[in-house]
Amino acid sequence: MNQYIEKNKERFLEELFELLRIPSVSADPTYKNDVIKTADAVAESLKKAGADKVEICETAGYPIVYAEKMIDDKKPTILVYGHYDVQPADPIALWHSKPFEPVIKNDKIYARGACDDKGQMFMHVKAFEAMMQTNTLPCNVKFMIEGEEEVGSTNLGIFVNQNQDKLKADIILISDTGIIANDIPSITVGLRGLSYVEVEVTGPNRDLHSGLYGGAVANPINILCEMIAKLKDDKNHITIPGFYDDVEILTAEERAEMAKAPFNLDAYKKALDLSDIHGEDDYTTNERTSIRPTLDVNGIWGGYTGEGAKTVIASKAYAKISMRLVPHQNSDKITAQFADYFSKIAPPSVKIKVTPHHGGEPVVTPSNSIAYKSAAMAMETTFGKKPVPVRSGGSIPIVAMFKSVLGLDSVLLGFGLDSDAIHSPNESYGLFNFFKGIETIPHFYKNFSELHQK
Ligand code: BES
Ligand code: MN
Ligand code: MN
């Protein structure tokens, strides 16, 4: 196996680069043809790797690539999930090399999607190829690679609902998360949910001269800032009534267990050029990004932002706000609570509109299952160290649906690093991580197949 990987390293990279060169930005309709082209390329790569049945499944949005290799009905089935779409590359000016022209620098691949998720998804295609070529595929495998993860996976949710038989499996395997460090392997056992809204504040019916009207009418930008400021108190608690009602409270023991995960606050601050951290009182940095919900403005605009000074009171101001949720919060309920409160705190001098975007539910995956053990043993073999279970702050909305619709747990066997800068300019993925993933995945297949029989 390792020999096969070693021999074909250069080709694996060249093939990944071909995927990375297609700008499959799902959020921006300009790239529609490229997103579709990427689906075709992924399907082709699965065919070449040895899948029997490869299908491009059309949806109301971008297609889902489905493939399978069934070797024996009595053997377990692994369903691999990943996504071929990527985040927009903006702001382009901050990239040191072009986002869709992958380059290797300092042993890292630089490109949009290098880590999230083309690089990680492609590890599965190559691990599958390696097992096929060395006659070591120990069980059945199905692949479901979607093109709308970065925009909320709405159509995948419908697809999963409608194809429960087709997707029958024993476990879901996903590489779309990270590890603590290259010498500290970890397995993600929790993801936060998401509630995402856009708000619009309207003051006067047209833009006004800020001298003639300033001081006498509501400035929607000022009002929006005041309203946003009211969403958290001085302890950084979210003030939306009922927001914390369903939040799972961990015991002191559980928190002590979590605190064992290695974390270096100085290195964390240094990596982000921060003189201090900021967050909810009484919680550690790791807790703030995993077991606690949060609220962040993701974008805010309005008024004049061009060159020089324009004296104007804008008619409208806008913001995009995300709330990351933890077990057992519910995204629809939180969105409704937000909308309610946001309307309540608006002064009568403005009108407001709240538009909900996609959401997703939080999940915790078991860390005592056969599947978790199989992943932990696989990592222990290839890293030489037992992985640490960690809860992540990110979201993969489909994971909760895999559980609720298909009744299946997921194993989040990711290999990215925080320093990979996913969603940011100069996204990268380490060559070490790419090849370590390809090496580790077959061990998971083998361990799971063996443990599952018992
Ligand atoms: N792969 C990420 C999620 C992730 C990254 C989880 C690292 C854990 C560790 C995924 O592609 C992503 O970005 N998800 C979005 C949610 C989606 C609804 C836009 C997110 O978390 O913002
Ligand atoms: Mn991802
Ligand atoms: Mn992402």
Side-chain angles (χ1 to χ4, degrees), residues 19-20 24-28 38 42 61-62 80-90 99 111-124 144-157 173-181 185-198 261 286 289-291 293-299 320-326 331 334-335 356-365 389-401 410-425 427-429 433 437:
L19 281 185
L20 293 172
S24 51
V25 180
S26 51
D28 184 348
T38 310
V42 170
Y62 288 121
V80 176
Y81 162 79
H83 62 96
Y84 65 80
D85 64 321
V86 299
Q87 285 277 326
D90 316 58
R112 169 58 83 232
C115 172
D116 184 14
D117 180 43
K118 283 176 179 165
Q120 297 214 63
M121 174 273 291
F122 202 60
M123 300 181 316
H124 285 271
M144 183 169 67
I145 314 296
E146 72 154 318
E148 298 190 313
E149 196 278 341
E150 300 291 8
V151 290
S153 300
T154 312
N155 291 303
L156 182 69
L173 180 61
I174 304 173
S175 296
D176 194 23
T177 53
I179 49 176
I180 296 175
S186 57
I187 296 178
T188 302
V189 292
L191 291 166
R192 288 197 285 189
L194 181 67
S195 165
Y196 200 110
V197 295
E198 185 166 327
N286 267 337
T289 60
S290 62
I291 60 164
T294 190
L295 180 153
D296 280 287
V297 178
N298 291 237
K320 289 180 193 280
I321 297 174
S322 71
M323 288 158 280
R324 297 282 169 170
L325 313 178
V326 299
S331 72
I334 293 293
T335 300
H357 281 269
H358 53 248
E361 306 310 326
V363 274
V364 170
T365 62
V390 293
R391 288 206 205 178
S392 170
S395 311
I396 308 177
I398 202 66
V399 176
M401 294 191 60
S410 296
V411 172
L412 299 164
L413 186 61
F415 294 87
L417 295 174
D418 283 351
S419 56
D420 289 343
I422 61 172
H423 296 203
S424 297
E427 174 176 354
S428 68
Y429 193 39
N433 305 72

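Note that ligands are numbered from 1 as they come in the structure, with each ligand's atoms numbered from 1 the same way.
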Would you say [X] contacts ligand 1, with heavy atoms under 4.0 Å as the rule?
X    : answer
D117 : no
T188 : no
G360 : no
H83  : yes

Open item on the list: I'd like to know: is the Mn ion (ligand 3) within the 2.8 Å range of an N/O/S atom from H83, strictly under that distance?
Closed with: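 Short answer: no, not a single N, O or S atom is under the cut-off.
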Task: E150 N/O/S atom closer than 2.8 Å to the Mn ion (ligand 3) - done: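 It does: E150 brings an N, O or S atom closer than 2.8 Å to the Mn ion (ligand 3).
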Would you say [X]'s side chain and [Y]'s backbone share a donor-acceptor pair under 3.5 angstrom?
X    : Y    : result
T289 : G393 : no
R112 : P88  : yes
S186 : I180 : yes
S175 : L413 : yes
S322 : Y196 : no
E427 : D116 : yes
N433 : G416 : no
S410 : L412 : no
E150 : V25  : no
H358 : V151 : yes

TODO: Find the distance between OG (S290) and CZ (R324) and round it off to the nearest 0.5 Å.
DONE: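 Atom-to-atom, S290:OG and R324:CZ are 13.0 Å apart.
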Open item on the list: Of all the N, O or S atoms in D116, which has the shortest distance to the Mn ion (ligand 3)?
Closed with: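 Atom name returned: OD2.
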Can you tell me which portion of [X] lies within the under-4.0 Å heavy-atom range of ligand 1? Options are side chain, backbone, both, or neither.
X    : result
E149 : both
I422 : side chain
R192 : neither
P397 : side chain
T177 : both

Task: Shortest heavy-atom approach to atom 3 (C) of ligand 1 - which of G193, G190, S395 - done: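 The option holding the nearest heavy atom is S395.
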Task: Shortest heavy-atom approach to atom 9 (C) of ligand 1 - which of S392, A27, G359 - done: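 Nearest option to atom 9 (C) of ligand 1, by heavy atoms: S392.
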TODO: Return the residue, atom name and 0.1 Å-rounded distance of the protein heavy atom closest to atom 19 (C) of ligand 1.
DONE: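 Result for atom 19 (C) of ligand 1: E150 O, 3.5 Å.
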Task: Protein contact of atom 4 (C) of ligand 1 - nearest heavy atom, named by residue and atom, plus distance - done: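 Scanning the protein heavy atoms, the shortest distance from atom 4 (C) of ligand 1 goes to D176 O, 3.6 Å.
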- [ ] Check ligand 1 against R324 and write out every atom of the ligand that is under 4.0 Å from a heavy-atom position of the residue.
- [x]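 This gives 20 (C), 21 (O), 22 (O) as the contact atoms.
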TODO: Using a cut-off of strictly less than 2.8 Å, determine whether E149 has an N/O/S atom near the Mn ion (ligand 2).
DONE: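 No N, O or S atom of E149 is closer than 2.8 Å to the Mn ion (ligand 2), so no.
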